[in-house]
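One structure below.
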There are 2 protein chains.
Amino acid sequence: MKKKITIKEIAKILMVSVSTVSKAMNDSPEISEKTKKKVKELAKFYGYVPNHIAVSLKNQSTFNIGVIIPDIQNSFLAEVLKNIEVHAKKNGYRIITFFTGEKLKEERESLNILSNGMVEGIIVCPSEETFVERQFEHFKNIAETTPIVTFDRLHKELNFNSVSVDDDQSILKACDHFQSTDAKNILFVSSIGWLSVGKTRRRTFTGFIENNTSVTGETIEEHDLDELRKKIEARITDDSQPNIDAILGADIESTSIASASISRNKLKFIDEISLIGYVNKKQNELQFPRVSYINQYPEKVGEKAVELLISNLKQDQKKITQEIIKTEIVKKDTSK
Amino acid sequence: MKKKITIKEIAKILMVSVSTVSKAMNDSPEISEKTKKKVKELAKFYGYVPNHIAVSLKNQSTFNIGVIIPDIQNSFLAEVLKNIEVHAKKNGYRIITFFTGEKLKEERESLNILSNGMVEGIIVCPSEETFVERQFEHFKNIAETTPIVTFDRLHKELNFNSVSVDDDQSILKACDHFQSTDAKNILFVSSIGWLSVGKTRRRTFTGFIENNTSVTGETIEEHDLDELRKKIEARITDDSQPNIDAILGADIESTSIASASISRNKLKFIDEISLIGYVNKKQNELQFPRVSYINQYPEKVGEKAVELLISNLKQDQKKITQEIIKTEIVKKDTSK
DNA sequence: CTGTTAGCGCGTTCAT
DNA sequence: ATGAACGCGCTAACAG
């Protein structure tokens, strides 16, 4: 493998000083056009490019942004990540991505590594285990020296700039929508009951049911997806119990399973049973039926996260901004 | 924002030299236990961690691997990426990810940035535009100083270690499977006719048809997904033409659309029409029907790519390894 | 216009 | 057992 050429070697070849080369490469007005041309030609010839590590050390700035997310397979997170990358690039930043697999230990390590001067700020979606274990110290420690923006998942201990989605509102909107289209008995299905966001969504749902006399509600929570499918199918085909005329999916998986269960048992969407939930948007457009869904606007989340971080980078701000993205019910084929 | 503490400041506080602190932190046998303890305690107290940029510059090694992929929304690429990250981490490397959006310009820029000392090697899935424009010089230039491993997409000009999937074989396997289950007229659908991999898949299909008298074949290629859907639906419901009894999807999108089209028009899977194609595996498991698919084993691709790169990093190897991952038809609900 | 020098943070001889 | 000095590649303040 050929060694990369440095400024020093170019200087030697041209019999000038390293600073002349450096200035020429950076188009300093101090250098004559003739010299600039000579230097640049040779640089191009040897494929010279400034060593980013050295520049970072010298300038004390890396133009890297760290991103930590629990799972790339989650289509919402993947879409947020993509938009983070796009907007970071637009602002001249690169991203360094770590995946935690929802593990606290991985999260701690990622934060440590990234804060060692590798990046100027960190955008992070805290892992589930972090919430379960209620461990937030590692965030606070890092935040003393490195700006942090969190997204998607909130906690009162996480006192940073953040972008999240109005989860309560979206569940309520779906419930309201069902109620206004005359649903009588809503089934809430979830494969993320163990996850904090799953708990919030369930609580919001049960709260709605308790405060409304015109609708009743039931809940199926099951982490094992195949079990979940069985339970849902058993319930919606059970004639001995009150009829389910609407299903609310608390996450992408349970919504998919609910849709498949309805199709497999040949129930008629809308006429017999409606469905609203969370989906993989891109995939949903191609399917039949396309499920009516709660749009969480991952593009906005990603863009806003970058925006908050960069403004924080540019000036040491004191006030914390907790941005909340409004969600929206998008009607497709499975609901009125 | 608090400034990060350096070795220098710790040295000053402890009234020792920087080299003593450095050695103590790295458990050098030259340093007494007493001093080590003193240094480490203070370091911990101040949350000291060595500056990664400085260490990288000093050691001329970053322990970073660059990854360049066209699109994170592609579930195959996303799964490969995830596995690259996992295996990189397992070997003590971090990954820096860039997305090209299938653009040549973005690919060039990404390669340039990454090869400026940021990473020790690069794993890249070349963008589509690169193939269309037949531009491979930028790879060759970078490869002189930085080890490169390509994956998924091959070209004879790309003379690097690579991991790919036996695309021809997988299409042939699907065709064979249809033939052996008595399909008479196979429809090949594709939304990626413009993509090199799409062309290969189509050629393989038409080649199969030409060499087999017992089956006939048709092709629908359409980049606009809604148009594609219309064309597929029109064709499979057109009684004036020969009956289509099998569909082969050339990519995830067209396969999804084909499945949805069949469902929407209430054709019976297997009895009336079969379907095999590429899918988002995770999503496919939750759907009804689950589409019979070609498994490309993204886990293996990711793992192998990291393996090839790291072995290349460890010793300057001369022989090029072009790994090919065997695919497999996985029978689900849409085919015999 | 060009060169010399210092220093970013760290690890590593080589002295002491 | 500890410290002084150098250099990784680069930029910038200061001289000339």
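In what follows, chains are A, B, ... by sequence order, proteins preceding strands, each numbered from 1. The structure presented is a predicted model; accordingly, all values stated were derived computationally and were not measured.
- For B:Val55, the listed nucleotide lying nearest its side chain is C:dC10; candidates were D:dT2, C:dC10, C:dT12.
- The CD1-P distance, from A:Ile53 to D:dT11, rounds to 14 Å in whole Å.
- Of the candidates D:dT2, C:dG3, D:dT11, the closest approach to any side-chain atom of A:Lys58 belongs to D:dT11.
- Per the geometry, CD1 belonging to B:Ile7 stands 14 Å off C1' belonging to D:dG3, to the nearest Å.
- In this structure, A:Ser17 reaches the C:dG3 phosphate: one of its side-chain N or O atoms is under 4.0 Å from OP1 or OP2.
- Among the nucleotides C:dC10, D:dT2, C:dT2, the one closest to any side-chain atom of B:Pro50 is C:dC10.
- At a threshold of 4.0 angstrom between heavy atoms, the contacts of A:Ser22 include nucleobase atoms, whether or not backbone atoms are also involved.
- The side chain of B:Lys8 has C:dC8 as its nearest neighbour among C:dC8, D:dG9, D:dA5.
- Residues B:Glu307 and B:Lys304 are paired through a salt bridge, judged by an N-O separation under 4.0 Å between the basic side chain and the carboxylate.
- Comparing A:Met25 and B:Met15 along DNA chain D, the residue whose closest nucleotide (by nearest heavy atom) sits nearer the 5' end is B:Met15.
- Checking D:dG9, D:dG3, C:dG11 against the side-chain heavy atoms of B:Val16 singles out D:dG3 as nearest.
- Rounded to a whole Å, the CG atom of A:Asn59 is 16 Å from the C1' atom of D:dC8.
- Rounded to a whole Å, the NZ atom of A:Lys12 is 14 Å from the C1' atom of D:dG9.
- Interface remark: the B:Thr6 side chain does not form any donor-acceptor pair with the C:dG9 base, using a distance-only criterion of under 3.5 Å.
- As a whole-Å value, the separation of B:Lys36 NZ from D:dT2 C1' is 13 Å.
- The side chain of B:Ser19 approaches D:dG3 more closely than any other nucleotide in the set C:dG9, D:dG3, C:dC10.
- In this structure, B:Leu14 places its CG atom 17 Å from P of D:dA1, rounding to the nearest Å.
- Of the two residues contacting DNA chain C, namely A:Leu57 and A:Thr35, the nearest-nucleotide position lying further toward the 5' end is that of A:Thr35.
- Residue B:Ser32 places no side-chain atom within donor-acceptor reach of the base of D:dA1, judged by atom type and a 3.5 Å distance cut-off alone.
- Taking only distance into account, the side chain of B:Lys23 meets the base of D:dG3 through a donor-acceptor pair shorter than 3.5 Å.
- Within the 4.0 Å cut-off from OP1 or OP2 of C:dG11, at least one side-chain nitrogen or oxygen of B:Asn26 is found.
- In the displayed structure, B:Lys140 atom NZ is contacted under 6.0 Å by more than 12 heavy atoms of other residues, nucleotides or ligands.
- Atom pair A:Lys37:NZ and C:dC1:P shows a separation of 16 Å (rounding to whole Å applied).
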Passes side chain to side chain contact (heavy atoms under 4.5 Å, CB included), B:Ile68 versus B:Ile122? Steps please. CA-CA 8 Å; B:Ile68 302 177; B:Ile122 301 175; 4.1 Å; yes
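- Look at CD1 on A:Ile10: it is 11 Å from P on D:dT11, rounded to the nearest Å.
- In this structure, A:Phe131 and A:Phe136 have perpendicular ring planes: the angle between them is above 60°, well past the 30° mark.
- Taking 4.0 angstrom as the limit, A:Gln60 places none of its side-chain polar atoms (N or O) nearer than this to OP1 or OP2 of C:dG7.
- The pair A:Glu33-A:Lys36 counts as a salt bridge, with a side-chain nitrogen and a carboxylate oxygen less than 4.0 angstrom apart.
- With respect to A:Asp27 and A:Lys40, a salt bridge is recorded, a charged nitrogen being found less than 4.0 Å from a carboxylate O.
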